Amino acid sequence: MTYALRKEGEFGILFNMEKISLNQSAEQKVLKGINLIEKGDLPDNNLDNIWVEFQGSRGQFLAKGYLSAQNKGAGWVITRQQEELDLAFFVTLFQMAWNKRQAYHESKLITAYRIFNQDGDGFGGLTIDFYDGYSVFSWYNEFIYSQRAVIIEAFQKALPQIKGGYEKIRFKGLDYESQHLFGQEAPETFTVLENGVCYQVFLNDGLMTGIFLDQHEVRGSLVDGLAAGQSVLNLFSYTAAFSVAAAMGGAAETTSVDLAKRSRELSQAHFEANHLELDHHRFVVMDVFDYFKYAKRHDLSYDVIILDPPSFARNKKKTFSVAKDYHNLIAQSLEILNPNGILIASTNAANLTISKFKEQIEKGFGSQAHNYVQTYRLPADFQINKKDESSNYLKVFTIGI
Ligand code: SAH
């Protein structure tokens with residue numbers, strides 16, 4: 001089923017702007033350059049899904065933005081100027097975002113990357129990814145979703161070279177999560193390039209696409225030979241993109257572990273896209289915590305272990321949160337890591353600061369000697385709000401023992 005783009009007039013909210021007074025601490029936050037508004041910043045009136053003008057504690061103009069409850073936060077500051085948030089505003093926004101990524105457009109080694117990233121590109125609640133000519137819009141709240149007719153119109157005006165678009169719904173309340181939006185339809189699956197390596201992607205099958213684009217540089221380090229000649233264990237592997245990168249960089253063998261059954265076929269597709277033989281590459285459908293036990297029982301150990309868990313997971317027996325339990329993953333990995341081995345520890349939890357993440361890692365290492373070799377944060381296509389540390393959510397350390 002197709003859900004039509006509704007016209008802006010139907011909502012009546014495009015020109016309707018409520019004034020909202022922020023308390024003093026929220027005012028300070030906005031003045032500091034933070035754009036994400038939280039529930040506690042707002043007066044107790046049930047306004048939601050509406051453009052707003054934020055006012056300071058003395059009633060002065062602070063910023064324009066909108067309110068809409070989302071997974072993280074209750075609204076966004078969009079501009080600190082008295083400008084209209086209309087079609088022309090979005091056209092300029094998309095052109096500027098596109099121009100910032102010139103190096104990516106010109107590179108022959110990469111055809112999938114982010115072309116609009118939340119408030120790093122001037123509008124929180126929206127991301128747009130580029131997959132070899134097609135675009136994928138992610139709407140993070142109901143308000144931005146309600147504005148999508150004008151947003152898509154502006155996008156097509158700004159970037160007519162984009163062949164077609166898909167959308168992903170990243171808030172609760174609708175009965176679909178993915179659909180084709182405009183222009184040409186992409187093939188059901190096709191390959192994109194990154195660091196010269198092929199990955200098989202799909203743009204209209206649930207929220208995921210077969211690859212997490214924010215890990216370009218970490219995969220790049222593997223393609224460049226970080227694990228050359230080594231055995232690699234990739235935990236929480238999803239489609240085994242890290243394993244493919246390692247194999248292309250000369251890894252002797254890889255093992256990819258994920259509990260989702262579908263991960264095996266999707267992982268194989270990435271390997272096949274690069275004509276890699278599967279003899280030395282294993283795909284295991286298993287809970288990572290069971291795999292630690294399995295590996296110890298079978299005396300398996302590895303030269304490089306990659307840890308990239310979801311921020312939060314729950315299964316029948318237990319819950320896992322990176323903020324509280326990451327140390328446990330490190331400690332268990334160390335038991336099956338070879339001497340002179342390397343751990344790649346990654347998290348995308350925005351609510352975990354880099355220093356808190358490091359504390360978890362240190363707790364996992366205990367008294368065991370180790371050294372931090374490399375740190376990765378979001379790559380340049382994932383523009384961040386430099387005033388808001390939480391917008392640079394990706395944290396990856398390469399650690400040697
Ligand atoms: N590292 C991946 C992305 C990981 S996404 C990449 O680079 O593409 C998180 C993955 O963890 C999901 O595929 C999910 O199925 C898997 N997962 C969650 N809990 C798990 C567990 N306890 N054991 C194994 N896999 C798990």
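None of the values given here were measured: they were computed from a predicted structure. In listed order, ligands and their atoms are each counted from 1.
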With the criterion set at N/O pairs under 3.5 Å, what does the list of contacts between the protein and ligand 1 look like, atom names and distances included?
from     : atom 1 : to     : atom 2 : distance (Å)
ligand 1 : 1 (N)  : Phe236 : O      : 2.9
ligand 1 : 1 (N)  : Asp308 : OD2    : 2.8
ligand 1 : 13 (O) : Asp258 : OD1    : 3.4
ligand 1 : 13 (O) : Asp258 : OD2    : 2.6
ligand 1 : 15 (O) : Asp258 : OD1    : 2.7
ligand 1 : 22 (N) : Asp287 : OD1    : 3.4
ligand 1 : 23 (N) : Val288 : N      : 2.9
ligand 1 : 25 (N) : Leu259 : N      : 3.2

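For residues 268-280, the pairs satisfying side chain to side chain donor-acceptor pair (under 3.5 Å) are Thr239-His270, with sequence neighbours left out.
In this structure, Arg219 satisfies the cation-pi test against Tyr199, with its NZ or CZ atom closer than 6.0 Å to the six-membered ring centre and inside 45 degrees of the ring normal. Phe312 does not carry Lys324 over the face of its six-membered ring by the limits of under 6.0 Å from the centre and within 45° of the normal.
With Phe397 as reference, Ile354 is the one residue of Ile354, Leu343, Val373, Ile344 to meet the side chain to side chain contact (heavy atoms under 4.5 Å, CB included) rule.
The aromatic rings of Phe320 and Phe289 sit tilted, their planes meeting at an angle between 30° and 60°.
Taking the ring centroids of Tyr145 and Phe171, they lie under the 6.0 Å cut-off.
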